[in-house]
Amino acid sequence: MLRAVILLSLALAAPVVAQTSALKGHDTNAPIDVDAARIEVRDNDAQAVFSGDVKIRQGTLTLDSDSVKVFYQRVGGGNPAIQRLDARGNVRLTSPSERASGRTAVYDVSAKLITMIGDVVLNRGDSQLRGERLAIDLNTGRSTLDGRSGPATQGQPATGGRVSGRFVVPQRGQKP
């Protein structure tokens with residue numbers, strides 16, 4: 001019986017977890033548009049800090065948060081080439097098929113990887129997953145969600161957590 005429940009759980013999870021993200025093959029060379037209330041440029045450190053309801057758009061990807069620190073390099077002394085975006089506070093990531101939220105996110109433009117941390121909620125259609133850390137590989141479209149972990153206490157290691165979710169199963173005979 002337990003084996004049947006586990007197999008059923010895996011079968012129900014497959015449509016959401018195994019499907020490829022709409023961000024697969026996302027063009028990280030596309031222009032990055034930023035809108036914010038304030039910008040502080042730290043050119044000596046090759047950084048810019050945007051704050052106040054920050055909205056970032058790149059192709060079909062949107063990233064909104066309270067603040068974003070941009071790390072860049074000067075290419076041949078000319079325009080800055082963005083290497084990484086660090087978002088903090090009320091982070092929301094949106095693509096054509098998914099929505100995710102968390103406390104922080106790092107978009108490593110060079111590695112084509114987005115990592116969200118802290119009370120992560122991932123929605124795809126009416127299905128929802130919750131965990132502590134979400135990693136999205138923009139090359140493959142593969143998403144990985146890790147469980148929660150609690151703080152270490154009095155010499156005890158941090159406690160392992162779990163991923164939780166609800167998968168909405170379409171009625172038989174209907175297409176998803």
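All residue numbers in this chain count up from 1 along the given sequence.
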### Interatomic distance, R84 atom CZ to K69 atom NZ [nearest 0.5 angstrom]
8.5 Å
### Message
Please give me the minimum heavy-atom distance between S65 and V91, naming the atom from each residue.
### Response
CB-CG2, 3.8 Å
### Query
How far apart are the closest heavy atoms of R74 and P80, and which atoms are they?
NH1-CD, 3.4 Å
### Query
What pair of heavy atoms forms the shortest contact from A48 to I39, and how long is it?
CB-CD1, 4.3 Å
### Query
Are V34 and V54 side-chain neighbours, meaning at least one heavy-atom pair lies under 4.5 Å?
yes
### Query
What pair of heavy atoms forms the shortest contact from I82 to I32, and how long is it?
CD1-CD1, 3.9 Å
### Task
Might you work through the side chain to side chain contact (heavy atoms under 4.5 Å, CB included) test for V68 and V70, ending with a clear yes or no?
CA-CA 6 Å; V68 175; V70 176; 4.1 Å; yes
### Query
Is there a donor-acceptor pair closer than 3.5 Å between any side-chain N or O of Q58 and the backbone N or O of T28?
yes
### Query
Hey, what do you get for CG (L63) to CZ (R92), rounding to the nearest 0.5 Å?
9.0 Å
### Message
Please report the interatomic distance CZ(R38) to OG(S51), rounded to the nearest 0.5 Å.
### Response
5.5 Å
### Query
Does D35 have any side-chain contact (heavy atoms from CB on, under 4.5 Å) partners at least two apart in sequence or in another chain, and if so, which?
K55
### Query
Are D66 and R103 close enough for a salt bridge, meaning some N to O gap below 4.0 Å?
no
### Message
Please determine whether the number of non-hydrogen atoms from other residues, nucleotides or ligands lying under 6.0 Å from atom CZ of R57 exceeds 12.
### Response
yes
### Query
Within a strict 4.5 Å, meaning less than it, do heavy atoms of the Y72 and D43 side chains meet?
yes
### Task
Compare all side-chain heavy atoms of S95 with those of L61 and state whether any distance is below 4.5 angstrom.
no
### Within 6.0 Å of CG in N79, more than 12 heavy atoms from elsewhere
no
#### Entry: Separation of R133 CZ from T144 OG1 (nearest 0.5 Å)
8.0 Å
### Message
Distance check, rounded to the nearest 0.5 Å: N123 atom CG versus E98 atom CD?
### Response
10.0 Å
### Task
Please report the closest heavy-atom contact between V120 and E132, naming both atoms and the distance.
CG2-O, 3.5 Å
### Task
Give the cluster check for L138 versus V106: same hydrophobic cluster or not, with ILVMFWY residues linked at side-chain heavy-atom distances below 4.5 Å.
no
#### Entry: Side chain to side chain, I56 and F50, heavy atoms closer than 4.5 Å
no
#### Entry: side chain to side chain contact (heavy atoms under 4.5 Å, CB included) between D45 and F71, intermediate numbers included
CA-CA 8 Å; D45 297 326; F71 298 85; over 6 Å; no
### Task
For residues Q128 and L122, determine if any side-chain heavy atom of one lies less than 4.5 Å from a side-chain heavy atom of the other.
no
### Message
If hydrophobic clusters are built by linking Ile, Leu, Val, Met, Phe, Trp and Tyr wherever their side-chain heavy atoms come under 4.5 Å apart, do I114 and I117 end up in the same one?
### Response
no
### Note, R124 side chain near S97 side chain (heavy atom, < 4.5 Å)
yes
### Query
Would one find more than 12 heavy atoms of other residues, nucleotides or ligands at under 6.0 Å from atom CZ of R42?
yes
### Message
How about CG on D126, more than 12 heavy atoms from neighbouring residues, nucleotides or ligands closer than 6.0 Å, or not?
### Response
no
## Note on the structure
OG (S164) and CG (L129) are apart, to the nearest 0.5 Å, by 7.5 Å
### Task
Would you kindly confirm whether L134 and V163 end up in one hydrophobic cluster when ILVMFWY residues are joined by side chain heavy atoms under 4.5 Å apart?
yes
### Which atom of L113 lies closest to which atom of I136, heavy atoms considered
CD1-O, 3.3 Å
